[in-house]
Amino acid sequence: MEYPFHEIEKKWQKIWIDKGIFNATDCSDKEKYFVLSMFPYPSGKLHMGHVSNYSIGDAVARYKMMEGYNVMQPMGYDSFGMPAENFAIQHNSHPRLTTEDNIDIMRGQFNSMGFGFDWDREVSTCRPNYYKWGQWLFKRMYEKGLVYRKKSFVNWCDDCQTVLANEQVEDGACWRCGKEVKQKEMMQWFFRITEYAEQLLDFSGMIDWPERVITMQKNWIGKSYGTEIVFPLEEGEGDIPVFTTRPDTIYGVTFMALPPEHHLVRKWLEEEKEGSDMAAFCDKVLKEDKAERSADDTVKEGVFTGRYCINPLNGDKVQIWVTNYVLMEYGTGAVMAVPAHDQRDWEFAAKYDIPVKIVIQNPEEELVLDNMTCAYTEPGVMVASKQFDGMKSTDAITEISKYIEAENMGKRTESYRLRDWGISRQRYWGNPIPIIHCDQCGTVLVPDEDLPVLLPDDVQVGKTKQNPLLSAEAWLNTTCPKCGGAAKRETDTMDTFVDSSWYFARYTDALNDDQPFSKENADYWLPIDQYIGGIEHACMHLLYARFFHKFMRDIGLVSCDEPFSRLLTQGMVIKDGAKMSKSKGNMVDPGDYIDRYGADTVRLFMLFASPPEKDVEWNDEGVVGAFRFLNRIWRLVEQNLHIVKKFHKHYAEDIEISRDIKELRYSTHFTIKKVNEDIRERMHFNTAIAAVMEHLNNVSSIKVENLTDNEKVIFAEAIAVIPRLLYPFTPHICEELWKMMGGTSLLHKVGIIEHIEKFLVKDEITYPIQIMGKLRGKLDVPASTPIEEIKKLALEVDNVQKHIEGKTVRKVIVVPNKLVSIVV
RNA sequence: GCGAAAGUGGCGGAAUUGGUAGACGCGCUGGACUUAGAAUCCAGUGGGAGAAAUCUCGUAGGGGUUCGAAUCCCCUCUUUCGCACCA
């Protein structure tokens, strides 16, 4: 017989929601705990990744509820964006309709898993009451000078008809559709995230972030210290600033390398005839997409522009080349090339026969130009560098920089790999950018009182190749808020990462119609105590959200510096050794398993199979194992219900207790301690659950018939503890068992159970005995035995005698309560 | 190439600060119950030797520190993840 999980789960899910136990109280006197799991795209189908994520979050939330915190665990939907648009196209409907349908389905699925979400705070990014405040934040950013528009080369996907962030290009292909990405020059809206680069490098506000994620963000931001040096052009107006971390090599510059996107190159191209070598080369390179250009096997190529600039330090004429290996986005978008001391420049110079000049000598072994096979990039002694000759190159970095600054040829500076965040998307299903273009007044912000700029419904989704918003003429044509003349709306919508960069704050005051959220609520709830999400968000979402948070702090919306105190990056769900995905055909539908075994079983398996930060291998037999365990508990309680009801909550006198029962009591309190520690200190639910399983085995081995009344009290306690310990993992069955046992309040109110230390004191200890590190015997002694006595007794053990025969015992080490080690 | 994490039975994984390696679960083997199956219960389960007591090998490989190492140190290998023409 299986336990009636179906009825039980439905029953308790209804009770919890009816009683509103997951509804958090704003600004209460109680201490708050904010648990947040990454909100999903409402696909209409819960998948195992969700189940894993939210099972972890719910375990934390429920445990904190038991501890008496005012817990908020909200849920919402990241519902703008291409997947929702594509979903509607496939179903021949409108994304507004399909999205709301899918949200209803998913809310039902979450409830059927028993996740404790506060539905009063539900957020969906495509609803006007949410995206209104996204537009409002855009405006505040604009006013702060953090928004700008520039013409730039962008990754363009023909198939999706949209611009992609560099991060959204994977191996030269669109991360969503997999089609090849091209380069296109367009006007784009940008957020000046680089303004916050320095602050984003400060991780001191994180209480508990995985080192891995911090390292990834640091690398992503990629700060380096160097010097900006200005090379004037030989002819005509203008100069070329370069950024270098190696100013010590400045006297070895033999050419200047520019990317085809460089503004000087664009200018020279206009001056030249079509079909010149330079034009042909630039065309060719620009057609290749960025990822391909920066792939490590790409051959370095270039064309001489026929122009020169002047090395400001020695007046040398320096050839200017257009190349495919310089990145427009990094530094100043120009490289002073020093073939003798940079491998990339070396390769390029060798290919095009450009001179090489040694300016740093290897102190170990003299460099001779004709014998060199690669660049010398190590530090050394300065040569051919005028007044700096003889200096250590490491010192010359500072000295030359000082000289450059003194002579007004440049300045010391920092450079970041991080680039500004292009947020323009030429798509329909996104948050409209609140901008109006007026022929008279130029770019005008939509006034606050006109927000939100509603996304029009009557557009032809998916029919047109261009942005559908261009076809919504009634919406597109408007009047200028400044001059009242005819004007057009901005048709770009925002990247959905913008929506997800501040949703956490909206949860603190999700229904507020007057502001994004009140300061009072935000100050009470933020920062988030525990955030749980996948590692894939390490560099994008988590960095963007930190940027937004810091911006919101700067305009006085929030007080704390960081949004997420603790971060848990949970592992993926694996099946047959690969990540579950549609393309691999190894998807498992959680719904099937909820129907067959119940939500508690699915949750239990997810948490038991591995620690949360590691991948979970989905295993059908393992699920059955989890189910079996719950059934064993159910039977145990049913069979002994009369004892539990009669004896639980009585006090056991320490008399007439058999050894077995004493051990059972030890097991009870040991398990309580273990479960609490595993959850509080490491969030290792797998070992916490294993401890309860072990305890169940201990309880099961007790013969009930022979127990005295006093012993039955201890036996009843051993059973009654189980639902209280498992509640965060399998809440439904635990509530039911607790009620069966006579419990009158819900388990989160009953609270955490703490162990009693005196029951963990053993009066007899088993010492393993090692001789030269090898286990040779065991010794049972009363706990009070003095160390000298233990030493004596250990040497008398039969098997020990056998092994020390004929040898000299040099030393006997007794580690109290642990072991005895004998050195011979 | 740089950076990070990891490598333990047939499998997922335990071993929190150096102290009985393999908890717990799955799988497998044998048994009980049953007309039979399912379910359940009992026993066993790292390799090798042995009737057993017990011995021996064993945490990717090699070396070291220690009474004692999966754990600490050095070298090598492998895997995963992140970054990478970053000037």
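Letters go in sequence order (proteins before strands), and every chain restarts at 1.
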Taking any heavy-atom pair under 4.0 Å as a contact, classify A/H341: base, sugar-phosphate, or nothing. nothing
Within a radius of less than 6.0 Å around CG of A/D780, do more than 12 heavy atoms belonging to other residues, nucleotides or ligands occur? yes
Anything under 3.5 Å between a protein N or O and an N or O of nucleotides 18-22 of chain B, put it in a table, one pair a line.
unit_1, atom_1, unit_2, atom_2, d
B/G19, N2, A/Q770, OE1, 3.1
B/G19, N2, A/S821, OG, 3.4
B/U20, O2, A/K778, NZ, 3.2

Could you give the distance separating B/G44 and B/A38 at their P atoms, to the nearest angstrom? 23 Å
Tell me, do A/P355 and A/Q319 make a side-chain contact under 4.5 Å, heavy atoms counted? yes
Please classify the nucleic acid contact of A/R417 as base, sugar-phosphate, or nothing, using heavy-atom distances under 4.0 Å. base
Between the base of B/C85 and the side chain of A/K300, is there a donor-acceptor distance below 3.5 Å? yes
Using a 3.5 Å cut-off on both pairing distances, which stems of three or more Watson-Crick or G-U pairs include RNA chain B? B:1-7 with B:77-83, B:10-12 with B:24-26, B:27-32 with B:40-45, B:46-49 with B:54-57, B:60-64 with B:72-76
Which is true for A/D345 with a 4.0 Å heavy-atom rule: it touches a base, it touches only sugar-phosphate, or it touches nothing? nothing
Of all the choices, B/U54, B/A15, B/A87, which nucleotide is nearest to the side chain of A/N799 once you look at every atom? B/U54
What does A/R776 touch in the nucleic acid at a heavy-atom separation under 4.0 angstrom: a base, only the sugar-phosphate, or nothing? sugar-phosphate
At 4.0 Å (heavy atoms only), tell me whether A/D615 reaches a base, stays on the sugar-phosphate, or touches nothing. sugar-phosphate
What nucleic acid atoms does A/G222 come within less than 4.0 Å of, heavy atoms only: base, sugar-phosphate, or nothing? nothing
